[in-house]
Amino acid sequence: MELDQRKQTILNAIIRTYLETGEPVGSRTISKYTDLNLSSATIRNEMSDLEELGFIIQPHTSAGRIPSDKGYRYYVDSLVQEKTREVSVMNSMMIARTSRMEELLKQVVKFLANQTNYTTMISAPSYKGNKVKFIQLSRVSPTQLLNVVVIEGNVVKNHIIDLPEPIDEETVLKLNLLLNTRLNGLTLAEINLGLISNIKEEAGGHAAVINDVLDTIAEVIRAETDENMQIYTSGANNIFRYPELADSERARRLITTIEDKSNLRDFVMETEKNENRDETGIQVYIGDEGPVESMKDCSVVTATYDLGEGMQGTIGIIGPKRMDYEKVMSNLKEVRKSLNEIFRKETGDPAEE
């Protein structure tokens with residue numbers, strides 16, 4: 001059943017207020033929390049209509065209203081539709097942006113390799129501190145739930161939860177409301193032990209479901225951050241310009257590392273954890289300071305670029321220990337600045353000073 005916009009807004013306000021307070025909601029309360037600019041009398045009339053339609057109920061005479069199961073269902077279904085639309089729009093935008101970004105990054109590493117005569121790498125930007133956008137639990141059978149978690153950046157994870165005992169639709173609805181109310185918009189770091197404890201307490205005998213959902217959130221955020229990182233490289237043959245690296249065994253190890261990419265991903269992840277960066281995000285690793293064994297004969301200089309909206313990546317230049325550090329750092333600073341400006345021009349965001 002479709003409701004007009006006014007009724008939808010009032011129903012949403014009743015449900016959200018009831019979730020926060022656990023108390024029946026009156027018209028005066030709704031008038032304070034909505035932007036409808038309606039009188040309490042008008043809101044009471046709309047609430048009466050919602051009650052007749054079965055979306056809210058009045059637990060006792062002269063009390064406010066609380067959501068009915070039908071009201072909860074309408075609320076959750078509307079959330080699902082809204083988030084589905086958001087994900088679809090975001091997906092289209094990200095596909096277009098990703099295609100342009102990939103070509104740009106390939107040009108960047110090629111330019112740096114030509115400018116410096118060293119080997120270069122760059123990681124595609126990924127979301128740091130990914131936020132939970134939406135959680136949906138759906139009954140597959142009385143003892144199984146489908147858990148769908150949507151993370152910022154259009155990352156979706158589906159997972160089946162096996163239950164020790166049957167669960168009814170009403171309980172699933174309440175768990176959906178609880179999880180989305182408490183977790184939406186939070187990063188993994190913000191989901192602390194205190195919050196988890198409160199959610200489990202509110203979930204009553206269904207703490208195991210909460211655990212499973214939290215595990216899925218952690219898994220999808222870490223997997224998106226670590227395993228799906230794209231790395232682009234250029235100038236691998238520049239290694240042979242330097243006698244100290246051109247030894248057949250050293251060169252083979254280095255080129256294998258550069259072509260394999262998995263070691264470079266590990267390297268990028270380690271550099272992102274390093275807190276010793278200057279204000280430009282530049283770090284210098286000389287010989288044994290680097291985390292990758294096959295790169296111990298090299299120096300690696302990296303810089304973090306930040307495209308806003310939580311999107312960051314790493315640029316790296318790999319060369320001999322006698323590399324021209326001043327030239328390398330100057331190039332990294334310029335490229336970092338250019339990437340930032342290009343991205344903000346595409347998205348229409350104002351450039352940072």
Side-chain angles (χ1 to χ4, degrees), residues 1 3 8 11-22 54-57 66-91 130-224:
M1 179 184 298
L3 298 176
Q8 286 183 38
L11 177 60
N12 287 345
I14 292 170
I15 293 176
R16 289 182 181 276
T17 304
Y18 182 65
L19 287 173
E20 292 174 4
T21 66
F55 290 99
I56 56 177
I57 57 176
I66 65 174
S68 65
D69 288 353
K70 182 178 179 180
Y72 281 130
R73 169 51 65 190
Y74 188 90
Y75 178 72
V76 171
D77 287 349
S78 297
L79 275 179
V80 173
Q81 291 175 10
E82 178 186 346
K83 297 302 178 182
T84 300
R85 284 194 297 270
E86 286 182 10
V87 167
S88 178
V89 171
M90 185 183 299
N91 190 42
N130 307 57
K131 296 180 180 179
V132 177
K133 282 188 66 70
F134 188 60
I135 300 163
Q136 174 66 30
L137 296 173
S138 304
R139 276 207 331 165
V140 177
S141 72
T143 57
Q144 279 191 325
L145 293 176
L146 173 62
N147 174 29
V148 180
V149 173
V150 181
I151 302 296
E152 186 178 53
N154 194 26
V155 183
V156 182
K157 173 75 173 181
N158 300 319
H159 174 64
I160 293 291
I161 301 175
D162 292 310
L163 305 171
E165 56 187 33
I167 190 170
D168 57 35
E169 284 284 2
E170 181 181 357
T171 302
V172 174
L173 279 172
K174 290 178 179 177
L175 287 173
N176 273 317
L177 292 170
L178 170 63
L179 288 164
N180 282 286
T181 301
R182 303 303 297 274
L183 297 178
N184 278 9
L186 298 184
T187 65
L188 190 58
E190 292 169 332
I191 304 175
N192 54 45
L193 290 175
L195 175 61
I196 293 170
S197 178
N198 290 337
I199 295 174
K200 286 182 178 179
E201 185 177 347
E202 291 183 52
H206 301 286
V209 175
I210 303 300
N211 276 337
D212 211 305
V213 171
L214 292 172
D215 286 346
T216 302
I217 291 171
E219 178 187 342
V220 68
I221 288 178
R222 287 171 183 150
E224 177 64 15

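Scored by the side chain to side chain donor-acceptor pair (under 3.5 Å) test, Gln8 finds no partners at all (sequence neighbours excluded). Residues meeting the side chain to side chain donor-acceptor pair (under 3.5 Å) test with Ser68, sequence neighbours left out: none. Residues passing the side chain to side chain contact (heavy atoms under 4.5 Å, CB included) test with Asn12, sequence neighbours excluded: Tyr75. Under the side chain to side chain contact (heavy atoms under 4.5 Å, CB included) criterion, Thr181 pairs with Leu19, not counting sequence neighbours. The side chain to side chain donor-acceptor pair (under 3.5 Å) search around Asn176 returns none, not counting sequence neighbours.
Contact detail for Pro67 and Ile15: the closest heavy-atom pair is CG-CG1, 3.7 Å. Contact record, Val209 with Leu137: CG1-CD1, 4.0 Å, taken as the closest heavy-atom pair.
Side-chain contact check for Gln136 versus Phe134: some heavy-atom pair is nearer than 4.5 Å. Side-chain atoms of Ile135 and Val150, non-hydrogen and from C-beta on, never get closer than 4.5 Å to each other. A heavy-atom distance below 4.5 Å is not found between the side chains of Thr143 and Asp162. Residues Val132 and Ile217 are in side-chain contact: their nearest non-hydrogen atoms beyond the backbone lie under 4.5 Å apart. Within the 4.5 Å cutoff, no side-chain heavy atoms of Leu145 are placed close to those of Ile160. In this structure the side chain of Phe55 never reaches within 4.5 angstrom of the side chain of Ile14, judged on heavy atoms. In this structure, Asn158 and Thr216 have side chains that are not in contact, with every pair of non-hydrogen atoms separated by 4.5 Å or more.
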Check your understanding: Would Ile56 and Ile66 satisfy side-chain contact (heavy atoms from CB on, under 4.5 Å), going step by step from the backbone distance to the final call?
Key -> CA-CA 6 Å; Ile56 56 177; Ile66 65 174; over 6 Å; no
Review point. Which is it for Leu183 and Leu214 under the side-chain contact (heavy atoms from CB on, under 4.5 Å) test, yes or no, and what are the steps along the way?
Key: CA-CA 10 Å; Leu183 297 178; Leu214 292 172; 4.1 Å; yes
Side-chain donor-acceptor pairs under 3.5 Å in residues 196-206, sequence neighbours left out?
residue, atom, partner, partner atom, Å
Asn198, ND2, Gly194, O, 3.4
Lys200, NZ, Asn211, OD1, 2.7
Glu202, OE2, Arg182, NH1, 2.3

Which pairs would a plain distance check flag for residues 165-173, meaning a side-chain donor or acceptor within less than 3.5 Å of a matching protein atom at least two apart in sequence or in another chain?
residue, atom, partner, partner atom, Å
Asp168, OD1, Glu170, N, 3.4
Asp168, OD1, Thr171, N, 2.7
Asp168, OD1, Thr171, OG1, 2.6
Glu169, OE1, Arg73, NH2, 3.4
Glu170, OE2, Lys174, NZ, 3.1

